[in-house]
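Below is one structure, written out as structure tokens; comments come after it.
Bear in mind that the values here come from a model prediction, so they are computed numbers and not experimental data. Throughout, protein chains are lettered first and strands after them, A, B, ... in sequence-line order, and every chain is numbered starting at 1.
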Amino acid sequence: MATYKSDFLNILSERGFIHQVSEPDVLDARAVEGQITAYIGFDCTAASLHIGSLLPIMMLYWLQQTGHRPIALMGGGTTRVGDPSGKDESRRILTENDINNNLVGIRAIFSKFLKFENAGGNAIMSNNADWLNKLNYIDFLRDVGKHFSVNRMLAFDSVKMRLERQQELSFLEFNYMVLQAYDFVELNKLYGCTLQMGGSDQWGNIVSGIDLGRRMNGAQMFALTAPLITTSSGAKMGKTAAGAVWLNADMVSPYDYWQYWRNTEDGDVVRFLKLFTTLPLAEIAKLAALQGADINEAKKVLATEATALVHGRAAADEAAGTARKTFEEGTFAQSLPTVEVARATLEQGIGVLNAFAELTALVSSNGDARRQIKAGGLKVNDANVTDEKMTLTAKDLTADGAIKLSLGKKKHVLIKPV
RNA sequence: GGGAGAGUGUCCCGAGUGGCAAAGGGGGAGGACUGUAAAUCCUCUGGCUACGCCUUCGUAGGUUCGAGUCCUACCUCUCCCA
């Protein structure tokens, strides 16, 4: 592992964030001399960011923590185009309205990791729609387009792959890389931003920006990419059966978020502790020494720390407590996800199928509920459901005043009368 | 503009002779084993008021007792020629 002189690169390097760096020595020296400004671009294709975006966010976090200035660039303009990198097919093109709505949700997440001006920090949130939307096509071609070689663009992996697979690549998408390069140059001009970070798939786009900056303004700029994070078993991170693991609490509850990290594979725990928590490396080293079943302790730390970053310490501790009661003590946790039901409805009785499928959505349909019953996967108050005609009534309320429905061993929902 | 192909189980890939709720994977869910892990094994993976009914193979029509499969038009994509 290369050793750097700057805190910034050292920390990123030790914690496993670095895949490739352009001119590492020069960048390192710059970071020692004074404050550098760096940016990462984010899509706004959804109303929230998910775990996949967490890695770049952490890079900005460490950037600020080591005394530099982070810029979170919202792709309000480029989202209207769509990045072909790593995509087999064209993205859906969103309307401007959708994009603006998404921006609002995403902003909220950033403020948990970065200190912006209004919170006494120096972080900047920018939106490339501010300059991209104003571009004049002819001017842009003349000033920027002349610096791009189509021959070279065709050689880029993202483009080459599409061509080789005989998948269409529209001119619109082909321009994505040009726009991203232009973003970098624009941020360089506006804020003196000299470093762009991103996932390893962004290398080509970032380097294009560096070239463009040199040609247009003689600027010296840098690239730093993070490795693509997959789980030990090779799966992409952040997807579960229910969909992406979002960072917004109203899309994925802190409890579920905690559970996501709790279920990390053994082989990933240490790597994830370094990447997705801010625990000192010395402490992580202690946790790394754990073997066998004791690794579960490390997983709990990972879950709690990672949850605390996104949802706050209180929510993280509550999630940890709920999990402890539910899984280790086998007792009732009032803080499990809860569905409220009118008392009168409960008096009349609720069919199990209905309770699992519609009320709590633990399963996707009545048919699915039947299948799970057959497979022994549904439980009411920890007792297996064997009869699909079973009815839940007020009699099933436990001493704690709720009925606990479970799918498998891990998913639990409480029904409470109101 | 001309010619040749492609679009399949609303996650993805992918077989499919006129009888098809449609092979096989991947992914996912549950069970067994465990440590809320991995690996392995087993089961399941359209919906419903359920021995029946309804909805699915790009879209809309048609032929047929019967269409994913045949015909027509259209849409989208790919390739070749202009």
Side-chain angles (χ1 to χ4, degrees), chain A residues 50 84 86-93 161-173 230-245 255-273 287-288 290-304 306-307 319-331 333 336-337 351-354 356-358 360-380 382-389 391 404-413:
Chain A
H50 52 79
K87 289 277 168 182
D88 295 344
E89 290 170 36
S90 301
R91 280 185 201 180
R92 193 165 67 92
I93 294 179
M161 190 186 74
R162 290 276 281 266
L163 294 178
E164 278 168 5
R165 289 189 173 191
Q166 308 193 332
Q167 279 161 337
E168 197 217 33
L169 175 68
S170 69
F171 184 65
L172 182 79
E173 293 173 284
T230 52
T231 66
S232 293
S233 28
K236 269 198 181 166
M237 279 197 67
K239 295 279 184 185
T240 68
V245 180
Y255 173 76
D256 286 333
Y257 192 78
W258 193 93
Q259 284 297 329
Y260 174 80
W261 292 105
R262 175 62 183 82
N263 286 310
T264 298
E265 295 172 29
D266 283 8
D268 293 326
V269 177
V270 172
R271 198 159 50 108
F272 287 0
L273 278 167
L287 293 170
L290 297 173
Q291 292 294 320
D294 290 337
I295 292 177
N296 282 329
E297 291 312 310
K299 290 183 187 178
K300 286 180 212 164
V301 174
L302 169 64
T304 304
T307 306
T322 305
R324 192 180 61 247
K325 282 185 202 155
T326 308
F327 288 100
E328 292 175 29
E329 298 166 13
T331 57
L336 279 173
V352 255
L353 297 182
N354 185 29
F356 276 95
E358 285 192 28
T360 61
L362 279 169
V363 297
S364 59
S365 67
N366 287 359
D368 196 19
R370 286 193 181 90
R371 284 193 285 271
Q372 291 296 359
I373 287 173
K374 232 177 270 170
L378 298 188
K379 294 193 185 91
V380 171
D382 296 318
N384 267 3
V385 178
T386 49
D387 178 10
E388 63 181 57
K389 299 220 174 68
T391 305
K404 180 172 158 195
L405 303 186
S406 312
L407 166 66
K409 296 190 188 77
K410 298 186 187 174
K411 291 175 207 109
H412 310 280
V413 173

With both distances under 3.5 angstrom, what nucleotide forms a Watson-Crick or G-U wobble pair with [N]?
| N | value |
| --- | --- |
| B:A21 | none |
| B:U69 | none |
| B:U10 | none |
| B:U55 | none |
| B:G1 | B:C81 |
| B:U40 | B:A32 |

- Task: Just jot down the side chain to side chain donor-acceptor pair (under 3.5 Å) partners of A:S365, sequence neighbours excluded, or say none.
- Result: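 In terms of side chain to side chain donor-acceptor pair (under 3.5 Å), with neighbours along the sequence ignored, A:S365 is linked to no residue.
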- Please name all residues satisfying side chain to side chain donor-acceptor pair (under 3.5 Å) with A:K300, sequence neighbours left out, ordered by chain then number.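 Side chain to side chain donor-acceptor pair (under 3.5 Å) list for A:K300, sorted by chain: A:E297, A:E328.
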- Please check the phosphate of B:G47 (OP1 and OP2 only) for any side-chain N or O of A:R371 closer than 4.0 Å.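 Answer yes for this pair, as a side-chain N or O of A:R371 is under 4.0 Å from OP1 or OP2.
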Would you mind reading off the distance between [X] atom [atom1] and [N] atom [atom2], rounded to a whole angstrom?
| X | N | atom1 | atom2 | value |
| --- | --- | --- | --- | --- |
| A:L353 | B:U49 | CG | C1' | 12 Å |
| A:K374 | B:A50 | NZ | P | 15 Å |
| A:N366 | B:U45 | CG | P | 16 Å |
| A:K389 | B:U49 | NZ | P | 12 Å |
| A:R370 | B:A29 | CZ | C1' | 18 Å |
| A:N263 | B:A29 | CG | C1' | 14 Å |

Mind checking what makes side-chain contact (heavy atoms from CB on, under 4.5 Å) contact with [X], not counting sequence neighbours?
| X | result |
| --- | --- |
| A:A369 | A:L353, A:V363, A:L378 |
| A:A319 | A:W258 |
| A:K411 | A:L362, A:L407 |

- Would you classify B:C11 as syn or anti? Syn applies when the glycosidic angle is within 90° of 0.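 What B:C11 shows is an anti base, its glycosidic angle lying more than 90° from 0.
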- Task: Specify the glycosidic conformation (syn or anti) of B:C51, with syn defined as within 90° of 0.
- Result: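 Syn, since the glycosidic angle lies within 90° of 0.
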- Query: What about A:Q259: does its side chain form a donor-acceptor pair under 3.5 Å with the base of B:U36?
  - Reply: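 Donor-acceptor pair under 3.5 Å: yes.
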- Query: Which nucleotides of nucleotides 30-35 of chain B have their base under 4.0 Å from a protein heavy atom (B), which only their sugar-phosphate (S), and which neither (-), written as one string 5' to 3'?
  - Reply: SSS-BB
- Item | Distance-only side-chain donor-acceptor flag, A:T264 / A:D268, under 3.5 Å |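 There is no such pair (donor and acceptor under 3.5 Å, judged by atom type) between the side chains of A:T264 and A:D268.
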- Position toward the 5' end of RNA chain B (nearest nucleotide), A:G367 or A:K300: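 Comparing both residues, the 5'-ward one is A:K300.
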- Message: Any carboxylate oxygen within less than 4.0 angstrom of a Lys/Arg side-chain nitrogen, looking at A:D382 and A:K379?
- Response: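 Result for this pair is no, no salt bridge flagged.
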